[in-house]
Amino acid sequence: MTPAAEAGVWEADYRDWIALLKPRVLTLVVFTGAIGLIVAPGHLHPVLAFTAILCITVAAGACGAINMWYDRDIDAIMRRTRKRPIPAGRIEPGAALGFGITLAVGSVLMMGLAVNIPAALILALSICFYVFVYTMWLKRRTPQNIVIGGAAGAFPPVIGWAAVTGTVDLVPLVLFGIVFIWTPPHFWSLALWANDDYRKAGVPMLPVVAGGRETRRQIMLYTLVLVPLTLAPFFMGFSGLPYCVAATALGMVFLLRVYRVMTDEQDQDGRSLTNDAPAKAAFKYSIYYLFALFGALALDRLVG
């Protein structure tokens, strides 16, 4: 905890409240939710479509705020997170918690009242899963935290689909599966070069528990499952050849990035001798990859 926080000096401006929402994470979550809404069969009035996306946005931000409240002790330890508003002493923990709960409840109520009940129920499930299952239960207890907890970030396309149709069928579940399988290679690439931070904070991320070599092997295994899975919409007849070509090309580049992570020069303990440059590149590409993949699906559906 910083001296300002210890002294009870809380000086926040609007940028700190925005930071509580984890805007970089939020962007990808909202995008996949919007794609689920766009590709769903049927029609939703533009005002209701905007409301649904807004609810997903607010709910994702609520999860970020509650996560920062709960993790404020380890955030203060890790170099990557110690400048966040709560550990830096700019926002009081109770205020952050109240902010998050208010946003969470408001987003679910708005989705239910303005759009439909199924979408609201799935939205509520996603919030509860992220807060209670991932943040409070899994994150500090098991190296499988990202694997199981990744389900929380995979809900948005299902919510977007349900907002239009009021139901859930195989296609949104496939989109859920794509994000779910994408999450471990995405996050473990980050964990490789943030390994010392997690070890210092006592968070059992896979590189801390199993070492760098096993983490690299797991990243490759999940990516080998992910790339064929992204072709499922084409083989189901839901998308056309343009999406198939785009998904294949994007997947091959992702596999190449992951292969470089696998073959990175390492010491006997599996630590990178190149300052984890391949892992950093794979992490950054994984973000663009998911944006491009879901964008290609939407374009394919709209043009088709």
Side-chain angles (χ1 to χ4, degrees), residues 22-36 60 64 79-81 145-147 149-154 156-157 174-198 205-207 210 212-234 239 242-266 270-300:
K22 295 189 175 182
R24 286 187 294 180
V25 175
L26 186 149
T27 302
L28 191 53
V29 168
V30 174
F31 181 76
T32 57
I35 297 302
R79 181 179 55 184
R80 188 173 61 87
T81 58
N145 47 18
I146 289 303
V147 177
V174 169
L175 300 182
F176 175 97
I178 289 172
V179 181
F180 181 77
I181 299 297
W182 165 87
T183 302
H186 162 72
F187 205 91
W188 283 336
S189 296
L190 165 66
L192 279 172
W193 50 273
N195 187 23
D196 291 339
D197 264 357
Y198 288 122
M205 289 298 177
L206 190 63
R213 293 186 190 281
E214 177 61 19
T215 302
R216 288 176 172 86
R217 191 180 75 87
Q218 291 291 328
I219 290 173
M220 175 59 79
L221 289 175
Y222 272 89
T223 308
L224 287 171
V225 173
L226 172 65
V227 174
L229 180 60
T230 62
L231 302 179
F234 172 74
S239 66
Y243 169 77
C244 181
V245 172
T248 301
L250 291 166
M252 291 303 101
V253 176
F254 199 7
L255 282 170
L256 177 60
R257 298 278 185 174
V258 169
Y259 175 76
R260 289 173 178 168
V261 175
M262 276 276 294
T263 56
D264 188 17
E265 294 183 70
Q266 305 160 44
R271 289 177 173 271
S272 173
L273 298 177
T274 63
N275 197 28
D276 285 307
K280 293 176 182 177
F283 172 75
K284 291 178 182 178
Y285 177 77
S286 68
I287 299 172
Y288 301 132
Y289 169 80
L290 199 65
F291 269 116
L293 185 74
F294 273 69
L297 180 62
L299 286 173
D300 181 277

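Note that the structure is predicted; figures quoted are calculated from it, not measured.
Residue pairs meeting the salt bridge (Lys or Arg N to Asp or Glu O under 4.0 Å) criterion with at least one partner in residues 289-299, sequence neighbours excluded, are absent. For residues 242-257, no residue pair satisfies the salt bridge (Lys or Arg N to Asp or Glu O under 4.0 Å) rule, not counting sequence neighbours. Listed by first and then second residue, the salt bridge (Lys or Arg N to Asp or Glu O under 4.0 Å) pairs that reach into residues 176-196 are D196-R199, D196-R271, sequence neighbours excluded. Pairs passing the side-chain hydrogen bond (donor to acceptor under 3.5 Å, both in side chains) check and including a residue from residues 277-299, sequence neighbours excluded, read H186-S286.
Residues F176 and P157 share a closest heavy-atom pair of N-CG, 4.5 Å. In plain terms, the two heavy atoms of V261 and A282 that are nearest each other are CG2-CB, 3.7 Å. Minimum interatomic distance between V29 and A60 (heavy atoms only, all atoms of both residues): CG1-CB, 3.9 Å. The heavy-atom pair separating A154 from V179 by the smallest distance is CA-CG1, 3.7 Å. Contact detail for S189 and P185: the closest heavy-atom pair is OG-O, 2.7 Å.
When the side chain to side chain donor-acceptor pair (under 3.5 Å) test is applied to R260, no partner is found at least two apart in sequence or on another chain. Applying the side chain to side chain contact (heavy atoms under 4.5 Å, CB included) test to A298 and every residue at least two apart in sequence or in another chain returns I35, I38, V39. Residues passing the ring pair (Phe, Tyr, Trp, His ring centres under 6.0 Å) test with F180: none are found, sequence neighbours excluded. Listed by chain and number, the residues in a side chain to side chain contact (heavy atoms under 4.5 Å, CB included) with A249 amount to none (sequence neighbours excluded). Residues forming a salt bridge (charged side-chain N to carboxylate O under 4.0 Å, His left out) with D197 (at least two apart in sequence, or on another chain): none. In this view, D264 and R216, S272, T274, D276, P278 satisfy the side chain to side chain contact (heavy atoms under 4.5 Å, CB included) rule, not counting sequence neighbours. Every residue two or more places apart in sequence or in another chain that forms a ring pair (Phe, Tyr, Trp, His ring centres under 6.0 Å) with F291 is listed here: F31.
A heavy-atom distance below 4.5 Å is found between the side chains of P233 and Y243. In this structure the side chain of V147 never reaches within 4.5 angstrom of the side chain of Q218, judged on heavy atoms. For the pair L192/T215, a side-chain contact is recorded, criterion being any heavy-atom separation below 4.5 Å from C-beta on. Within the 4.5 Å cutoff, the side chain of F254 has no heavy atoms near those of the L250 side chain. Side-chain contact check for M205 versus N145: some heavy-atom pair is nearer than 4.5 Å.
Rounding to the nearest 0.5 angstrom, the gap separating the CZ atom in R24 from the CD1 atom in I287 is 8.0 Å. With rounding to the nearest 0.5 Å, the separation of CZ in F294 from CG in L175 is 5.0 Å. Atom CH2 of W188 sits about 15.0 Å away from atom CZ of F283, to the nearest 0.5 Å. Note that the CG atom of L290 and the OG1 atom of T32 stand 6.5 Å from one another [nearest 0.5 Å].
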Pair up each side-chain donor or acceptor in residues 220-231 with any protein partner under 3.5 Å, not counting sequence neighbours, and list the distances.
| from | atom 1 | to | atom 2 | distance (Å) |
| --- | --- | --- | --- | --- |
| T223 | OG1 | I219 | O | 2.7 |
| T230 | OG1 | V227 | O | 2.6 |

Exercise. Under the side-chain contact (heavy atoms from CB on, under 4.5 Å) criterion, do F234 and D300 qualify, and how do the steps go?
Worked result: CA-CA 10 Å; F234 172 74; D300 181 277; over 6 Å; no
